[in-house]
Amino acid sequence: MKKKLLTATLAFLLLFTFVACGTDEKKSKPTEKPASEATEEAKDDQKDKEEPADDKKEDTEDTKEETKEDEKEEPADDKSASGDVIKIGVFEPFTGASASGGELTFQGIELAHEEKPEVLGRKVELVVVDNKSDQVEASNAAQRLVDKDKVNAVVGSYSSSLSIAGGGVFMDAKIPAVGCSPTNPQVTKNNPYYFRVCFIDPFQGTVMAKFASENLGAKTAAVVKDIAQDYSVGLVKYFVDAFTEINGADAIVAEASYRSGDQDFTSQLNNIKQAEPDVIFCPGNYGECALMIKQARDLGIEVPMLGGDTWESPDFIKIGGENINKEVYFSSHFTYEKPLNDVSEAYLDKYKAKFNENSNAFAALGYDAYMVIIDAIERAGSAEPEAIRDALAETKDFIGATGVITLDEEGDAVKSAIVNQVKDDGFVYLTTIEPNSSK
């Protein structure tokens with residue numbers, strides 16, 4: 001009995017010990033870090049440590065991108081500044097009263113550009129603006145070429161008034177311009193940034209006064225001027241000066257005026273008819289002048305009618321009709337009938353091939369104006385406007401389609417002039433007058 005009681009007591013003690021140990025072990029485990037929990041905390045700690053590094057990495061990448069963009073933009077700016085493309089503005093009237101002259105001039109510019117599309121290994125881009133045959137519009141068009149298009153140089157314009165309107169803009173911006181056919185002296189006077197490849201009105205007026213006196217035997221003349229056109233006003237003045245020098249102070253027997261856009265000239269013509277002049281000198285836009293000639297013939301005025309280079313337009317003949325073929329003469333810069341040199345001959349062939357007709361003077365002058373600019377860029381070795389201007393001022397003995405071009409201290413070309421007659425609905429070459437033979 002005692003033995004059984006001892007065995008039971010030992011068993012009970014063993015069971016109590018086992019249970020007590022199990023409870024202690026269970027209580028001790030929450031105070032320890034489970035492996036999985038420690039791993040997660042370690043990851044969180046590592047993440048907290050790495051977050052600043054990630055921020056720094058993002059900042060670094062942003063900085064790299066900004067630096068790359070800056071590096072990308074800087075060469076682009078340099079490219080624009082140095083001019084990977086050389087821009088030459090075409091400043092001409094394509095609408096309005098002088099549109100035909102602008103279109104004809106552009107044909108020559110276009111042909112020259114096709115022949116010389118690059119210079120100094122860089123592409124030449126033509127930037128064309130329409131000055132709309134209006135002085136205000138001309139000033140705005142010139143400003144656009146300077147401010148928006150940022151051209152290196154400019155070709156144009158047909159019409160002295162339009163050239164004068166844009167001239168101040170080009171001078172202020174220090175952008176060189178080369179006129180094709182603006183003959184009034186004011187175009188280049190006191191403007192070191194404007195040049196031209198044509199002769200000027202003092203010479204042209206003298207040429208026509210000499211032609212009227214010597215070739216037509218005129219002793220008296222009437223003059224008609226467009227008071228809205230610097231070209232017309234100036235040319236009439238120079239004709240009067242030269243004609244009176246040849247024939248005396250009383251040689252001008254009648255004077256009349258009108259404004260661009262007028263279409264009825266019967267009042268002026270009736271007064272002139274009563275004065276009975278030997279010739280009538282009436283330079284101006286081809287449109288108004290063609291109407292004037294037509295009306296003069298309808299009124300029975302049969303004396304020769306003389307004008308300037310603006311008359312060389314197909315529209316002049318179209319508007320004037322049959323009356324335009326009766327004793328009508330004008331001065332010009334060039335004739336396809338008499339090539340002046342090898343350049344003239346080559347130009348005429350290229351023009352005929354492209355346009356399927358013979359070249360007019362305005363196209364030839366447009367061709368020469370573009371080529372003179374290209375020549376200046378080549379000689380300067382630079383497309384910077386100031387460098388082009390300096391090279392243009394030194395242009396000497398340049399052989400162009402319209403003859404040998406040397407620019408004097410005013411930027412004017414000293415060249416010969418020709419006289420054409422309107423005959424059989426076309427322009428017929430009569431004679432060439434050299435500068436030194438017109439005085």
Side-chain angles (χ1 to χ4, degrees), residues 86-106 109 125-198 200-201 225-235 258-262 283-288 308-310 362 365-366 369-370 372-373 384-386 388-389 392-393 410-412:
I86 298 172
K87 294 184 178 182
I88 296 181
V90 178
F91 177 60
E92 293 290 341
F94 296 101
T95 56
S98 299
S100 179
E103 291 286 357
L104 293 173
T105 303
F106 183 65
I109 297 170
E125 176 186 342
L126 295 180
V127 183
V128 182
V129 295
D130 180 10
N131 58 41
K132 302 181 181 180
S133 306
D134 179 85
Q135 294 179 46
V136 174
E137 293 290 348
S139 179
N140 293 337
Q143 202 70 58
R144 174 184 168 181
L145 287 174
V146 167
D147 294 339
K148 181 180 177 182
D149 300 313
K150 301 187 183 306
V151 296
N152 301 78
V154 175
V155 176
S157 173
Y158 175 94
S159 171
S160 294
S161 295
L162 301 176
S163 297
I164 292 169
V169 176
F170 299 139
M171 183 170 66
D172 290 344
K174 297 184 177 181
I175 301 296
V178 178
C180 309
S181 59
T183 53
N184 188 284
Q186 296 302 315
V187 171
T188 58
K189 190 174 181 62
N190 298 322
N191 188 338
Y193 289 85
Y194 225 122
F195 304 85
R196 60 180 134 205
V197 294
C198 59
I200 59 176
D201 287 338
K225 61 187 175 185
D226 179 351
I227 58 175
Q229 292 286 334
D230 296 305
Y231 165 83
S232 181
V233 172
L235 193 46
Y258 66 96
R259 280 187 172 276
S260 299
D262 289 352
N285 291 331
Y286 57 83
E288 291 90 343
D309 56 315
T310 54
F362 298 122
L365 289 168
Y370 177 90
V372 162
I373 290 176
E384 290 299 318
E386 198 70 39
I388 299 173
R389 192 225 77 85
L392 283 169
E410 290 287 346
D412 302 328

Point to revise | Residues that Phe362 engages under ring-ring contact (aromatic ring centres under 6.0 Å, His included), provided they are two or more places apart | key: Tyr158

All N/O donor-acceptor pairs, side-chain side in residues 226-233, below 3.5 Å, sequence neighbours left out:
residue	atom	partner	partner atom	Å
Asp226	OD1	Ala228	N	2.9
Asp226	OD1	Ser260	N	3.1
Asp226	OD1	Ser260	OG	3.4
Asp226	OD2	Ser260	N	3.4
Asp226	OD2	Ser260	OG	2.5
Gln229	NE2	Ser260	OG	3.3
Asp230	OD2	Ser161	OG	3.1
Tyr231	OH	Asp309	N	3.2
Tyr231	OH	Asp309	OD1	2.8
Ser232	OG	Asp226	N	2.8
Ser232	OG	Pro283	O	2.7

Review point. Just one of Ile86, Val129, Ile175, Val90 clears the side-chain contact (heavy atoms from CB on, under 4.5 Å) bar with Val151, so which one?
Key: Ile175

**Study point:** Non-neighbouring partners of Ala369 that pass side-chain contact (heavy atoms from CB on, under 4.5 Å), sequence neighbours left out
**Key:** Val155, Val178, Cys180, Val197

Review point. Which pairs count as salt bridge (Lys or Arg N to Asp or Glu O under 4.0 Å) when at least one residue sits in residues 86-98, sequence neighbours excluded?
Key: none

Check your understanding: For residues 165-187, which residue pairs qualify under side chain to side chain donor-acceptor pair (under 3.5 Å), counting only residues two or more places apart or in two chains?
Key -> Thr183-Asp201

Exercise for review: With sequence neighbours excluded, tell me which residues meet side chain to side chain donor-acceptor pair (under 3.5 Å) with Ser159.
Suggested key: none

Indicate every side-chain donor-acceptor pair of residues 138-149 with a distance under 3.5 Å to a residue at least two apart or in another chain.
residue	atom	partner	partner atom	Å
Asn140	ND2	Val136	O	3.4
Gln143	NE2	Asp147	OD2	3.0

**Study point:** Residue pairs involving residues 186-197 (criterion salt bridge (Lys or Arg N to Asp or Glu O under 4.0 Å); sequence neighbours excluded)
**Key:** Arg196-Asp412

Check your understanding: Do Asn131 side-chain atoms and Leu162 backbone N/O form a donor-acceptor pair below 3.5 Å?
Key -> no

Practice item. Please list, chain by chain and in numerical order, all residues satisfying ring-ring contact (aromatic ring centres under 6.0 Å, His included) with Tyr193, sequence neighbours excluded. Key: none

Exercise for review: Kindly give the heavy-atom pair with the smallest separation between Gly308 and Leu235, and that separation in Å.
Suggested key: CA-CD2, 4.1 Å

Practice item. Can you measure from OG1 (Thr95) to CD (Glu103) and round to the nearest 0.5 angstrom? Key: 9.5 Å

**Study point:** Ser157 vs Pro182 side-chain heavy atoms within contact, under 4.5 Å
**Key:** no

Check your understanding: Within the side chain of Thr105, is there an N or O that forms a donor-acceptor pair under 3.5 Å with the backbone of Gly366?
Key -> no

Revision key, fill the gap. When every non-hydrogen atom of Gly167 is compared with those of Asn191, the smallest separation belongs to O-ND2, 3.1 Å

Study note, to complete from the structure: Tightest non-hydrogen contact, residues Glu288 and Asn285, listed as OE1-CB, 3.0 Å

Check your understanding: Who passes ring-ring contact (aromatic ring centres under 6.0 Å, His included) against Phe195, sequence neighbours left out?
Key -> none

Review point. Is the side chain of Thr188 donor-acceptor paired with the backbone N or O of Tyr194 at a distance under 3.5 Å, no angle test?
Key: no

Practice item. Can you tell me which residue pairs pass the ring pair (Phe, Tyr, Trp, His ring centres under 6.0 Å) test with a partner in residues 86-106, sequence neighbours excluded? Key: Phe91-Phe170, Phe94-Phe106

Point to revise | Which residues share a side chain to side chain donor-acceptor pair (under 3.5 Å) with Asp134, sequence neighbours left out | key: none

